[in-house]
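One structure is given here, and the rest of the page talks about it.
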Amino acid sequence: MKKIVIVGGVAGGASCAARLRRLDENAEITILERGANVSFANCGLPYHIGGIIEERDKLLLHTPSSLWNRFRIKALVNTTAMSIDRHKKSVTVRQIDANGMEKVHDLEYDFLILSPGANPIVLNIPGKNLPGVFSLRSLEDMDGIKDFIQAQSVKSAVVVGAGFIGIEVAENLVHRGIKTHIVEKTEQLMPLLDPEIAAYLHVKMQDHGINLHCGLGATAIEQTHSGLKVTLDNGSQLEGQLVIMAVGVLPEVDLARRADLALGALGGIKTDSQMRTSDPFIFAVGDAVEVRDLVSSLQAKIALAGPANRQGRLVADVISGRNVQYRGALGSNILKAFDLSIAGVGLSEKQAKRLKIPHLVAHVVSNSHATYYPGAEQLLIKGVFSPEGNLLGAQAVGKAGIDKRIDVLATAIFAKLNVEDLQYLDLAYAPPYSSAKDPVNHLATLASGVISGDHPVVSIQDLKQELEHGTNLLLDVRNLNEYQRGTIAGAVLIPVNELRDRLHEIPKDKPIIVFCQVGMRGYIATRILLQNGYKVKNLMGGYSLYNTVTQASSRKV
Ligand code: FAD
């Protein structure tokens, strides 16, 4: 009978324990969980604060008694693994019982699994411990925030940090009618994203009354007679009764470090391809570990629930004698911000640049389904490709159909599909769901044209630079109405349908940048001009992307 001890009873730990039991009816499986709950839905916490998930109990996927009844797994809550004696193969445990009495004892193991997660980073600034300043990781944190909002009748809040948790919390505070500021040290919300994708989020958050303070850090928090005051590094001050710190997480590695387990260069627990640490009897999974990034092959810290679950399951398989390997992670992610969905997978353009990985990008503005069927919503997909046409990463933003496109693209990266494959990928279609040419096919077609030279393009990031050279002719090929509603400064209007007849108006000695609303008419114009001997590039994403990026930057605080 194997004795298996698991530290941490949530995403990675609980999935490992359940899989272990399914593979081995005889193993003695014990989960040690420092908090009062096991197997809770941390990803749902922001939505209970906002009242979208009304019942708190819905967040409890299991309790110690349900784990015992169904799996015969012993889950010890309020129980902290204090230290590991690798020589004796035992863990020293401190348990607080229902009467608050403390008991310290040792637990022996044949295999130990560490799934301790990651700690929210708390900025080391004056006032960080004041009442009303919270992080959000556990059910207890969530209860604290909810109780505080209720007890103080909170009407205003400052969220520091605009990653996933910061954005989700801000949205949920707004749902509760709380006037919310977001402070973000980098120039954009969701620093993971490329800036033109984040621009949609900026506009959406501001449309919902959230005040954005990007490019600014919080330097101090003070108590005032009416609540809290957050000082920013430009000297400005924001009032809020509640402050949520959501500036990222750090792997919880204290226990591993004290046990002399090897850590990686990024500070996470080092593991091999079977999630084994430097001790063959100790495994580690989830937010606490470093994994291989499947695209760059570099080590990465990916604090997301999917990888934690899959790694937990894999460790159970390995301990049960199955020869499986963890291939690495893509960091596939998705975020809801009001009616907007934003998703990403693999490398962003920013990352590709930073890592000096040769790449090209393609932006496609398309529709979630056939436009003649009611309810179609525009979406933007960006692909990052190698010069040979291998997909390295993608991001997508819009109101509908974002999850499915990013999941197809994640599958494509995992399966190493290239632009050629993606153009011919046979995806399900009926008008309420997609178009005969799905936006994923469309993205691949565009990328393929870019690679072959059939479709020379300019991205929104490069447009400014190209225009600054001053040698380009900027050609708006939309119709007069669209032009009159707004265009790019300096653009000349020649609607695409008139282009063939008005070629004599276009000088041949100047490079041309054409644009339309989303890129499609621009593509047609590009083909006409190319075949008539002009040097031309099409602005990907067209005026709609240009307009969103311009709106976002003009409204920046
Ligand atoms: P956790 O699930 O954090 O579990 C670790 C547990 O170990 C903790 O309960 C901790 O108390 C316990 N522990 C630590 N040290 C000890 C010790 N020494 N002894 C005993 N117990 C110990 N991911 C997504 O993919 N999508 C989302 O939408 C999403 N939303 C999120 C929203 C919030 C508010 C939060 C906090 C996280 C969210 N995540 C999301 C991240 C996701 O929850 C984590 O990636 C995942 O839970 C990591 O699993 P884990 O097992 O490594 O750690």
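Just so you know, these numbers use all the heavy atoms, side chains as well, and skip hydrogens, waters and symmetry mates. First listed ligand is number 1; within each ligand, the first listed atom is number 1.
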Check whether any N or O atom of Leu255, backbone or side chain, sits under 3.5 Å from an N or O atom of ligand 1, and answer yes or no. no

When rounded to the nearest 0.5 Å, the distance separating NE2 of His48 from CD1 of Ile53 is 8.5 Å

N/O donor-acceptor pair under 3.5 Å between Thr411 side chain and Leu409 backbone: no

Check ligand 1 against Pro46 and write out every atom of the ligand that is under 4.0 Å from a heavy-atom position of the residue. 34 (C)

Please check this pair: side chain of Asn309 against backbone of Gly306, looking for a donor-acceptor N/O pair closer than 3.5 Å. no

Numbered atoms of ligand 1 (with element) below 4.0 Å of Glu252, judged on heavy atoms: 14 (C), 15 (N)

Hey, is ligand 1 close enough to Ala81 that some N/O pair sits below 3.5 Å? yes

Just to be sure I'm reading this right: ignoring hydrogens, which of Val169, Asn37, Ile165, Asp287 gets closest to atom 44 (C) of ligand 1? Compare them by their nearest heavy atoms. Asp287

Any side-chain donor near an acceptor of the partner, Gln188 and Thr186, under 3.5 Å: no

Pick from Pro251, Gly117, Ala11, Gly13: the one approaching atom 53 (O) of ligand 1 most closely through a non-hydrogen atom: Gly117

Look only at interatomic distance and state if Gly12 has a nitrogen or oxygen under 3.5 Å from any nitrogen or oxygen of ligand 1. yes

Heavy-atom proximity to atom 15 (N) of ligand 1, picking from Met82, Arg137, Glu140, Arg34, points to Arg34

Just by modelled atom types, is the Glu28 backbone N or O under 3.5 Å from a matching donor or acceptor in the Lys74 side chain? no

Minimum heavy-atom separation for Cys214 to Glu187, with atom names? CB-O, 3.5 Å

Close-contact set for ligand 1 against Ala308 heavy atoms, below 4.0 Å: 48 (C), 49 (O)

Within the structure, is a non-hydrogen atom of Ile334 found at a distance of less than 4.0 Å from ligand 1? no

Go through ligand 1 atom by atom and flag the ones less than 4.0 Å from a non-hydrogen atom of Gly8. 6 (C), 7 (O), 12 (C), 21 (N)

Report yes or no: does Gln241 contribute a side-chain atom to a donor-acceptor pair with the main-chain N or O of Gly132 at less than 3.5 Å? no

What are the atoms of ligand 1, with element, lying closer than 4.0 Å to any heavy atom of Leu136? 34 (C), 36 (C)

Leu20 and Ile113, any side-chain heavy atoms less than 4.5 Å apart: yes

Give the atom numbers and elements of ligand 1 that come within less than 4.0 Å of a heavy atom of Ala303. 41 (C), 45 (O)

Side chains of Arg137 and Asn119 only: does a donor on one sit below 3.5 Å from an acceptor on the other? yes

Taking only non-hydrogen atoms of Gly286 and a 4.0 Å limit, the atoms of ligand 1 in range are 52 (O)

Atoms in ligand 1 flagged as close to Val7, the criterion being non-hydrogen separation under 4.0 Å: 16 (C), 17 (C), 18 (N), 19 (N), 20 (C)

Is there a nitrogen or oxygen of Leu304 sitting under 3.5 Å from a nitrogen or oxygen of ligand 1? yes

Go through the steps for Leu23 and Asp317 under the test side-chain contact (heavy atoms from CB on, under 4.5 Å), then give the verdict. CA-CA 8 Å; Leu23 296 179; Asp317 284 3; 3.1 Å; yes

